[in-house]
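Okay, so here's the structure we're looking at.
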Amino acid sequence: MSRLFLVRHGQAGTRKSYDSLSELGRRQAKMLGQYFAAEKIHFAAAYSGALVRQQETAAEVRACYREAGLCFPEIVREPGWDEFDLAHVYQALAPRLCQEDPEFARQYQELVSQARAAAEQPEASVNRRWLPCDVQVVEAWIQGRHDYDGESWQAFRERVIGCQNTIEPVEPDANIVVFTSATPIGIWTALAMEIHDQRAMRLAGVLHNASCTVLRLQHGALRLHSFNAVPHLVEPELRTYR
């Protein structure tokens, strides 16, 4: 039975440049790597999504192992672990929601204005929390309420679940680490709990940056071992969600 360590990337950048780690995000990732190395957790295999923030998190952890004189496996790039494309969801669905809901339109225009003003302010509130219109546009995408030319919720979920077929066999009781994002972790955790619907988003919504969720994997069956662990982020101000 292998142990699958699902690592969420560290804190990302602003809404303008979300696919990169913030300075805090790099620190969070480094602290995770130092914790893994101090615990002498040996990984037989390592995977990362193709997004920059995921790969940068993986690189920080790998660097900590090398600094400690420990081996770390080659990180295999696997786009199946990528997060869904929120920017494209917004681009496609926000205009439709604005047409049908004046309150959404007001909130959306306020969001756009705040995000533009805070484009170079990483710690601004608009960059660090979900707003009501964020929730509405994602719910519309999940529910398939409007035509959408991108990846549907169902296709995204199937793509993430399909990553199980890309994990190479390892020795029994070996550790595998995957550097990914909140929603893929939510989906895999939901599978381990035999939850097969959009409630996976509730799990994703509580994940800390640079947190670690551990699943047991045996012959295709998943079991939840630990969820959203952040023992390396001792100080409360280090525990962020976005």
Side-chain angles (χ1 to χ4, degrees), residues 1-10 28-29 32-33 35-51 53-62 64-65 70-84 151 153-233:
M1 183 178 292
S2 301
R3 285 178 295 274
L4 190 64
F5 289 67
L6 300 179
V7 172
R8 188 189 178 197
H9 60 77
Q28 292 167 331
L32 176 61
Y35 173 79
F36 281 163
E39 292 290 308
K40 292 184 169 51
I41 300 174
H42 172 73
F43 292 110
Y47 298 86
S48 171
L51 298 177
R53 59 190 185 271
Q54 298 168 339
Q55 295 185 69
E56 288 180 341
T57 301
E60 291 289 342
V61 171
R62 178 179 57 190
C64 290
Y65 270 70
L70 300 174
C71 294
F72 195 85
E74 177 184 356
I75 301 170
V76 178
R77 181 175 175 270
E78 175 46 64
W81 289 106
D82 288 0
E83 182 64 278
F84 69 90
E151 185 179 43
W153 160 256
Q154 188 59 36
F156 166 67
R157 183 176 177 276
E158 291 174 359
R159 184 248 293 174
V160 170
I161 294 172
C163 287
Q164 186 165 331
N165 298 324
T166 69
I167 298 175
E168 294 294 330
V170 294
E171 294 296 321
D173 209 35
N175 299 317
I176 301 168
V177 62
V178 176
F179 299 92
T180 180
S181 296
T183 315
I185 296 174
I187 289 171
W188 272 61
T189 303
L191 281 178
M193 301 171 67
E194 299 184 350
I195 296 172
H196 303 284
D197 56 31
Q198 65 195 56
R199 285 176 291 174
M201 292 297 290
R202 300 180 189 176
L203 295 169
V206 301
L207 287 169
H208 290 291
N209 293 120
S211 64
C212 182
T213 292
V214 181
L215 304 178
R216 297 275 186 164
L217 175 62
Q218 183 178 34
H219 304 306
L222 292 171
R223 296 291 183 270
L224 180 62
H225 184 69
S226 65
F227 177 70
N228 199 25
V230 286
H232 52 294
L233 303 180

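We're numbering straight along the sequence, starting at 1. Note: hydrogens, waters and symmetry copies are ignored here, and every other heavy atom, side chains too, is used.
- Atom CZ of Phe5 and atom OG of Ser226 lie 7.5 Å apart (nearest 0.5 Å).
- Here the closest heavy-atom approach between residue Ala44 and residue Val170 is recorded as CB-CG1, 4.1 Å.
- The CZ atom of Arg202 sits 9.0 Å away from the CD1 atom of Ile195 when rounded to the nearest 0.5 Å.
- Looking at every heavy atom in both residues, Glu83 comes nearest to Phe156 through OE1-CZ, 3.6 Å.
- Under the ring pair (Phe, Tyr, Trp, His ring centres under 6.0 Å) criterion, Tyr65 pairs with Phe72, sequence neighbours left out.
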Where do Phe227 and Thr189 land on the side chain to side chain contact (heavy atoms under 4.5 Å, CB included) test, with the steps shown first?
-> CA-CA 8 Å; Phe227 177 70; Thr189 303; 3.8 Å; yes
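- Taking all atoms of both residues into account, the shortest heavy-atom contact from Leu207 to Gly186 is CD1-N, 4.4 Å.
- Between Trp153 and Thr183 the shortest side-chain heavy-atom distance falls below 4.5 Å.
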Apply salt bridge (charged side-chain N to carboxylate O under 4.0 Å, His left out) to the pair Arg159 and Asp82, showing each step before the final yes or no.
-> CA-CA 9 Å; Arg159 184 248 293 174; Asp82 288 0; 5.4 Å; no
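- Although no hydrogens or angles enter the test, the distance criterion places no donor-acceptor pair under 3.5 Å between the side chain of Glu39 and the main chain of Ile41.
- Side chains of Arg216 and Asp173 form a contact here, defined as non-hydrogen atoms less than 4.5 Å apart.
- No more than 12 heavy-atom neighbours from other residues, nucleotides or ligands sit within 6.0 angstrom of CE on Met193.
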Candidate pair Phe43 and Phe36, rule side chain to side chain contact (heavy atoms under 4.5 Å, CB included), full reasoning = CA-CA 10 Å; Phe43 292 110; Phe36 281 163; 3.9 Å; yes
Criterion side chain to side chain contact (heavy atoms under 4.5 Å, CB included) on Tyr47 and Ile75, from CA distance to verdict = CA-CA 5 Å; Tyr47 298 86; Ile75 301 170; over 6 Å; no
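- A donor-acceptor pair shorter than 3.5 Å cannot be found between the side chains of Ser48 and Gln55.
- Here the CD1 atom belonging to Ile161 is positioned 8.5 Å from the NE2 atom belonging to His196, to the nearest 0.5 angstrom.
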Are Trp188 and Val178 close enough, and set up right, to give a side chain to side chain contact (heavy atoms under 4.5 Å, CB included), and what steps lead you there?
-> CA-CA 12 Å; Trp188 272 61; Val178 176; over 6 Å; no
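- Side chain of Asn228 to main chain of Val206: a donor-acceptor pair is present (N/O by atom type, distance under 3.5 Å, no hydrogens or angles).
- Between the side chain of Ser2 and the main chain of Asn175, no donor-acceptor pair closer than 3.5 Å is present.
- Atom CG of Asn165 and atom CD1 of Ile167 lie 9.0 Å apart (nearest 0.5 Å).
- Atom CD in Glu56 sits 10.5 Å away from atom CZ in Arg53 (nearest 0.5 Å).
- In this structure, Arg8 contributes its side chain and Ile185 its backbone to no donor-acceptor pair below 3.5 Å.
- A donor-acceptor contact shorter than 3.5 Å links the side chain of Gln54 to the backbone of Leu51.
- Leu215 is not listed as a side-chain neighbour of His225, based on a closest heavy-atom distance of 4.5 Å or more.
- Looking at His232, its side chain never comes within 3.5 Å of a backbone N or O of Ser211 through a donor-acceptor pair.
- Counting only distance, with no hydrogens or angles, the side chain of Thr166 and the backbone of Cys163 share a donor-acceptor pair below 3.5 Å.
- Scanning all heavy atoms of the two residues, the minimum distance from Leu224 to Ala192 falls at N-CB, 3.8 Å.
- Gln164 contributes atom CD, which lies 8.0 Å from atom CG of Leu191 (distance to the nearest 0.5 angstrom).
- Residues Arg3 and Val214 approach most closely at CB-CG1, 4.3 Å, considering heavy atoms.
- Within 6.0 Å of CD on Glu74 lie no more than 12 heavy atoms contributed by other residues, nucleotides or ligands.
- Counting heavy atoms of neighbouring residues, nucleotides and ligands inside a 6.0 Å radius, atom CD of Glu194 does not exceed 12 of them.
- Across all their heavy atoms, Ala210 and Ala29 have their closest contact at CB-N, 4.3 Å.
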